Amino acid sequence: ILNVEQSPQSLHVQEGDSTNFTCSFPSSNFYALHWYRWETAKSPEALFVMTLNGDEKKKGRISATLNTKEGYSYLYIKGSQPEDSATYLCAFDNDYKLSFGAGTTVTVRA
Amino acid sequence: GAVVSQHPSRVICKSGTSVKIECRSLDFQATTMFWYRQFPKQSLMLMATSNEGSKATYEQGVEKDKFLINHASLTLSTLTVTSAHPEDSSFYICSARAGEGSNQPQHFGDGTRLSIL
């Protein structure tokens with residue numbers, strides 16, 4: 001079992017504010033780092049798959065960075081909206097097997 | 001986009017019953033599918049990798065005789081929880097990759113909540 005940790009476990013954000021949270025993972029035998037958004041009663045939705053150290057990816061108001069040498073990734077949400085409320089999961093990809101963190105649950109208050 | 005359908009979404013049954021969960025890739029072929037389990041307040045844990053046309057690969061601590069996996073076609077994998085007991089009550093979810101390569105995400109079903117009485 002690979003140790004993937006996400007922090008914080010939950011956070012509340014005022015609508016319009018920006019926020020970020022972290023995922024830490026083993027820095028050895030790196031294949032890829034995945035981010036998913038999981039809304040209640042839906043299936044996890046893929047946000048990013050990051051493979052290169054220093055990678056930065058963006059999808060609308062959401063972006064992510066990757067540091068494979070120190071074993072962490074940040075997910076940023078700019079100008080949070082109520083529809084951003086979800087649990088955000090990161091997963092360490094070790095030869096196509098995913099080890100998930102416990103997630104960061106984001107609640108955006110109007 | 002790639003869609004994965006999982007059925008049923010909810011099962012409530014008596015102890016000793018065997019339960020079959022289906023995972024279908026609707027618009028792509030998947031030689032490999034994955035089965036995860038999530039207990040309350042814990043992370044998704046990989047149970048097994050389902051390989052089309054061959055035996056599944058189980059993670060350490062997962063009983064292959066308890067959790068039977070069949071991947072008979074490129075679009076369907078099934079997980080059967082045999083003689084389920086209350087400790088098997090959990091959330092089970094499947095996923096599949098739509099392509100090869102390290103930059104491919106996994107596409108998930110909606111999950112199955114299993115409750116054994």
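These numbers come from a predicted model, not from an experiment. Just so we're on the same page: letters track the sequence lines, and every chain starts at 1.
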Exercise. Would a hydrophobic clustering, with Ile, Leu, Val, Met, Phe, Trp and Tyr connected at side-chain separations under 4.5 Å, put A/I77 with A/Y72?
Worked result: no

Exercise. Are B/V62 and B/L79 connected in the hydrophobic side-chain network, where two residues link if heavy atoms are under 4.5 Å apart?
Worked result: yes

Exercise. Does B/L68 belong to the same Ile/Leu/Val/Met/Phe/Trp/Tyr cluster as B/V81, with side-chain heavy atoms less than 4.5 Å apart forming each link?
Worked result: no

For this session: Using a cut-off of 6.0 Å, state whether more than 12 heavy atoms not belonging to B/H85 lie near its atom NE2.
Result: yes

Problem set entry | Best-contacting candidate, A/A41, A/A32, A/A46, A/P44, against chain B by heavy atom pairs under 4.5 angstrom | A/P44

Problem set entry | Check: B/F34 ring centroid to A/Y96 ring centroid under 6.0 Å | no

For this session: Report, as yes or no, whether the 6.0 Å neighbourhood of atom CD on B/E63 holds more than 12 heavy atoms from other residues, nucleotides or ligands.
Result: no

Exercise. Any side-chain heavy atom of B/E59 within less than 4.5 Å of one from A/K97?
Worked result: yes

Exercise. Are the side chains of A/F48 and B/P105 in touch, meaning some heavy atoms are under 4.5 Å apart?
Worked result: no

Problem set entry | Partner set under ring pair (Phe, Tyr, Trp, His ring centres under 6.0 Å) for B/F91, not counting sequence neighbours | A/W38

Problem set entry | Connected via hydrophobic side-chain network under 4.5 Å: B/M45 and B/Y58 | no

Problem set entry | Proximal to chain B - members of residues 87-95 of chain A, heavy-atom separation under 4.5 Å | A/L89, A/D93

Exercise. Any idea which of A/L47, A/T51, A/V4 has the most non-hydrogen atom pairs under 4.5 angstrom with chain B?
Worked result: A/T51

Exercise. Around atom NZ of B/K20, are there more than 12 heavy atoms of other residues, nucleotides or ligands at under 6.0 Å?
Worked result: no

Problem set entry | Spacing of B/Q106 atom CD and A/S43 atom OG [to the nearest 0.5 Å] | 12.5 Å

Exercise. If you draw a 6.0 Å radius around CD in A/E15, do more than 12 non-hydrogen atoms from other residues or ligands fall strictly inside?
Worked result: yes

Exercise. Which bit of B/Q38 comes within less than 4.5 Å of chain A, counting heavy atoms only: side chain, backbone, both or neither?
Worked result: side chain

Seminar exercise, completed: Counting heavy-atom pairs under 4.5 angstrom with chain A, the leader among B/Q104, B/K41, B/Q6 is B/Q104

Problem set entry | hydrophobic_cluster_shared for B/F67 and B/M33, side chain cutoff 4.5 Å | no

Exercise. Mind checking whether A/L98 and B/Y36 have side chains closer than 4.5 Å, heavy atoms only?
Worked result: yes

